[in-house]
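Encoded as structure tokens, the structure appears first; notes follow it.
Numbering of ligands and ligand atoms starts at 1, following listing order.
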Amino acid sequence: MTDQPTSGAERTLGGNEEALAKLRTLRGSIDNLDAALVHLLAERFKCTQEVGELKAAHDLPPADPAREADQIDRLRRLAADARLDPAFAEKFLNFIIDEVVRHHRAIAARQDGTTEE
Ligand SMILES: O=C(O)C(=O)C[C@]1(C(=O)O)C=C[C@@H](O)C=C1
């Protein structure tokens with residue numbers, strides 16, 4: 001017996017038990033991978049929080065474009081090897097770094113006694 005369908009795609013598959021089972025297995029893996037991504041991002045932001053504090057303490061600028069260029073080159077190569085679209089990998093990294101730089105600016109502003117945001 002199959003559990004009740006829980007989404008539109010599951011309802012559409014209806015009585016196709018084989019396809020339904022495959023979809024559910026794949027979605028289980030996707031959920032595990034999404035959880036891993038959240039945990040990895042949380043660890044990354046813990047590190048960048050410390051970098052932000054270090055930069056503010058030593059009056060370093062929040063962003064380091066040369067470092068970013070190296071990271072983008074490296075990630076694009078890794079993506080290509082992994083058969084992931086390098087343009088997507090670059091966009092994803094830039095999205096994360098933009099958020100990190102926003103945090104760095106807020107840390108620096110707090111340290112200067114000013115309020116940013
Ligand atoms: O390595 C740094 O200097 C950081 O602040 C971390 C980080 C990143 O998130 O990887 C963020 C901003 C910089 O422009 C470069 C890299």
Side-chain angles (χ1 to χ4, degrees):
M1 244 244 336
T2 316
D3 291 337
Q4 292 298 346
T6 59
S7 73
E10 290 197 4
R11 263 188 295 282
T12 304
L13 285 175
N16 187 338
E17 304 249 333
E18 197 183 327
L20 195 55
K22 184 159 193 186
L23 180 67
R24 285 179 172 169
T25 300
L26 290 168
R27 282 182 168 176
S29 295
I30 289 167
D31 286 345
N32 288 343
L33 290 163
D34 285 349
L37 282 175
V38 165
H39 288 122
L40 289 170
L41 279 172
E43 288 306 308
R44 192 183 197 284
F45 273 95
K46 278 188 210 163
C47 294
T48 56
Q49 172 75 18
E50 284 196 50
V51 172
E53 284 159 12
L54 194 69
K55 284 183 167 181
H58 296 274
D59 283 323
L60 294 169
D64 185 338
R67 164 72 175 151
E68 291 179 26
D70 286 347
Q71 287 169 286
I72 287 166
D73 279 355
R74 175 171 172 271
L75 225 69
R76 287 188 67 101
R77 270 185 272 116
L78 287 172
D81 286 350
R83 300 194 187 290
L84 176 72
D85 179 4
F88 170 75
E90 179 171 348
K91 244 196 301 186
F92 183 61
L93 184 66
N94 279 328
F95 179 70
I96 294 168
I97 288 179
D98 284 353
E99 181 67 8
V100 171
V101 170
R102 202 175 64 76
H103 291 185
H104 286 359
R105 290 206 176 99
I107 294 167
R110 264 201 304 279
Q111 184 188 265
D112 289 349
T114 57
T115 44
E116 203 180 78
E117 294 164 295

Practice item. I would like to know whether E68 and V101 meet side-chain contact (heavy atoms from CB on, under 4.5 Å); could you show each step before the answer? Key: CA-CA 11 Å; E68 291 179 26; V101 170; 4.2 Å; yes
Among all protein heavy atoms, pick out the one at the shortest distance from [atom]; state its residue, atom name and that distance to 0.1 Å.
{"atom": "atom 8 (C) of ligand 1", "value": "R44 NH2, 3.5 Å"}
{"atom": "atom 16 (C) of ligand 1", "value": "Q71 OE1, 3.4 Å"}
{"atom": "atom 3 (O) of ligand 1", "value": "K55 NZ, 2.6 Å"}
{"atom": "atom 14 (O) of ligand 1", "value": "E68 OE2, 2.3 Å"}

Exercise for review: Counting heavy atoms only, name the option from V101, D64, V51, V100 that's nearest to atom 7 (C) of ligand 1.
Suggested key: V100
Check your understanding: Do the side chain of K55 and the main chain of P62 share a donor and acceptor less than 3.5 angstrom apart?
Key -> yes
Point to revise | Shortest non-hydrogen contact between Q71 and L93, atoms and distance | key: CB-CD2, 3.7 Å
Review point. How close do A9 and R27 get, heavy atom to heavy atom, and via which atoms?
Key: CB-NH2, 3.7 Å
Exercise for review: Mark up the atoms of ligand 1 that fall under 4.0 Å of a heavy atom belonging to T48, in ascending order.
Suggested key: 9 (O)
Point to revise | Atoms of ligand 1 close to A63 [distance to a heavy atom under 4.0 angstrom, numbered from 1] | key: 14 (O)
Practice item. Flag yes if V100 and I107 sit in one hydrophobic cluster, no otherwise; membership is Ile, Leu, Val, Met, Phe, Trp, Tyr, and two members link when side-chain heavy atoms are under 4.5 Å apart. Key: no
Exercise for review: Please round to the nearest 0.5 Å and tell me the distance separating atom NZ of K91 and atom CG of L75.
Suggested key: 14.0 Å
